[in-house]
Amino acid sequence: GNIEVYSDVLLSWNISADGLKYDYMDKNTLKLLGPKYIPLGKELLNFQKKNQNKIVKNITIVFGGTDAFNLSFILLDAISKIENKFNFTFILGPGFSNSGSFKEKAQKIKCEVIISPKSIYEIFSGSDLVISGGGLTSFELAGLGVPFIGISKVPWEIKRLKKMDSLGTCRFIAADNKLSGNIISIIEELSSQEKRMKMAENGKRLVDGKGCQRIAEAIKSRWKNDN
């Protein structure tokens, strides 16, 4: 927001995009604003979660390609204090440093570690709960109907996750010195099947996976009519 727009099309899938102010140089600029225009791959629709299991068993943890703030290590320490009743899987990106030492530490508490998986949607849809950052993954999880806990130290991601929390699509936890205790209590809270079902429904209402189709139809319609 607060920028001059010279383009024929403005595409912004930010969760608050329709409330941001833009200075349009062309009054006819085509405005495609909000999560309904997020261009996710069509394969997402093939992995949308239809049902939520009665209990939480499989929990996946992912913090993007690099995990610049080492949140994976912090979460690994936190879950080491949890009674061994969950199957934890960590997904590490190609830019994650110290993957060797992380895998060694994870094995000691029987956590699976996957590096750069080919089909991350398949892993997500097989999870009862995901813990992630607030980047693109947060929209993917919403669209998949996978309940998730959002954690970040990046200001714009925090803002997004707080908004998603207010919409009932995730639970946001601050990455502060209370993180370990809070993550345990929120996991227990989301053991409720009813709460996870509502979260999944809200997520798919926010992101339905048809953003690419909407973008194409909007552009085609505008220039077809103009011609």
Side-chain angles (χ1 to χ4, degrees), residues 1-42 44-45 48-49 62-69 71 93 120-121 124 129-176 179 182-183 186 189-190 195-219 221-222:
N2 297 318
I3 60 173
E4 294 182 346
V5 178
Y6 293 86
S7 57
D8 295 317
V9 180
L10 173 62
L11 170 62
S12 174
W13 59 80
N14 189 299
I15 197 166
S16 302
D18 55 354
L20 299 176
K21 294 182 179 180
Y22 297 96
D23 187 6
Y24 296 100
M25 299 297 101
D26 182 350
K27 64 179 182 179
N28 294 317
T29 294
L30 177 61
K31 308 170 186 68
L32 307 179
L33 308 176
K36 68 179 182 179
Y37 292 107
I38 186 166
L40 300 176
K42 61 182 180 181
L44 179 139
L45 296 175
Q48 278 187 328
K49 200 172 180 70
V62 56
F63 290 106
T66 59
D67 189 6
F69 296 98
L71 291 172
I120 198 167
Y121 286 170
F124 286 159
L129 184 64
V130 172
I131 302 171
S132 83
L136 182 64
T137 302
S138 62
F139 285 122
E140 292 175 320
L141 292 168
L144 287 167
V146 177
F148 74 99
I149 299 171
I151 303 171
S152 180
K153 287 190 175 183
V154 181
W156 62 265
E157 288 190 5
I158 292 172
K159 184 177 180 181
R160 174 183 291 168
L161 290 170
K162 284 183 175 180
K163 180 65 174 179
M164 295 181 88
D165 187 313
S166 72
L167 295 173
T169 61
C170 79
R171 284 302 308 273
F172 168 73
I173 300 179
D176 55 23
L179 175 59
N182 287 339
I183 195 70
I186 295 300
E189 176 189 326
L190 293 177
K195 287 185 178 181
R196 285 181 284 114
M197 287 175 64
K198 287 182 179 178
M199 189 178 285
E201 290 169 3
N202 291 334
K204 287 188 284 188
R205 192 176 298 118
L206 180 69
V207 180
D208 64 6
K210 299 177 182 178
C212 290
Q213 180 181 339
R214 284 194 185 91
I215 294 168
E217 289 176 350
I219 292 175
S221 176
R222 163 60 67 86

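More than 12 non-hydrogen atoms from other residues, nucleotides or ligands lie less than 6.0 angstrom from NZ of Lys204.
Asn14 contributes atom CG, which lies 6.0 Å from atom CG of Leu20 (distance to the nearest 0.5 angstrom). Atom OG1 of Thr169 and atom CD1 of Ile15 lie 6.0 Å apart (nearest 0.5 Å). Asn28 CG to Asp8 CG: the interatomic distance, rounded to the nearest 0.5 Å, is 9.5 Å. How far OG of Ser138 is from CE of Met164: 4.5 Å, rounded to the nearest 0.5 Å. Here the CG atom belonging to Leu206 is positioned 6.0 Å from the CG atom belonging to Leu167, to the nearest 0.5 angstrom. A distance of 8.0 Å separates CD1 of Ile3 from OG of Ser12, quoted to the nearest 0.5 Å.
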Solution key, residues 139-162 side-chain donor-acceptor pairs under 3.5 Å, sequence neighbours excluded:
from   : atom 1 : to     : atom 2 : distance (Å)
Glu140 : OE2    : Tyr121 : OH     : 2.9
Ser152 : OG     : Val154 : N      : 3.0
Ser152 : OG     : Glu157 : OE1    : 2.7
Glu157 : OE1    : Gly134 : N      : 3.0
Arg160 : NH1    : Gly134 : O      : 2.9
Arg160 : NH1    : Gly135 : O      : 3.4

Side chains of residues 29-41: which donor-acceptor partners sit under 3.5 Å, not counting sequence neighbours?
from  : atom 1 : to    : atom 2 : distance (Å)
Thr29 : OG1    : Ser7  : O      : 3.0
Thr29 : OG1    : Asp26 : O      : 2.9
Lys31 : NZ     : Thr29 : O      : 3.3

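Looking at Asp208 and Arg214, their side chains come closer than 4.5 Å, going by heavy atoms from C-beta outward.
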* To do: Check the pair Asp23 / Met25 against side chain to side chain contact (heavy atoms under 4.5 Å, CB included), numbers first and verdict last.
  => CA-CA 6 Å; Asp23 187 6; Met25 299 297 101; 3.4 Å; yes
* Residue pair Trp13, Val207: steps toward the side chain to side chain contact (heavy atoms under 4.5 Å, CB included) verdict -> CA-CA 10 Å; Trp13 59 80; Val207 180; over 6 Å; no
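Across Leu190 and Arg196, no two heavy atoms sit closer than the pair O-NE, 2.7 Å. Shown here for Asn202 and Gly168, the closest heavy-atom pair between the two residues is ND2-O, 3.1 Å.
Looking at Asn182, its side chain never comes within 3.5 Å of a backbone N or O of Ile173 through a donor-acceptor pair.
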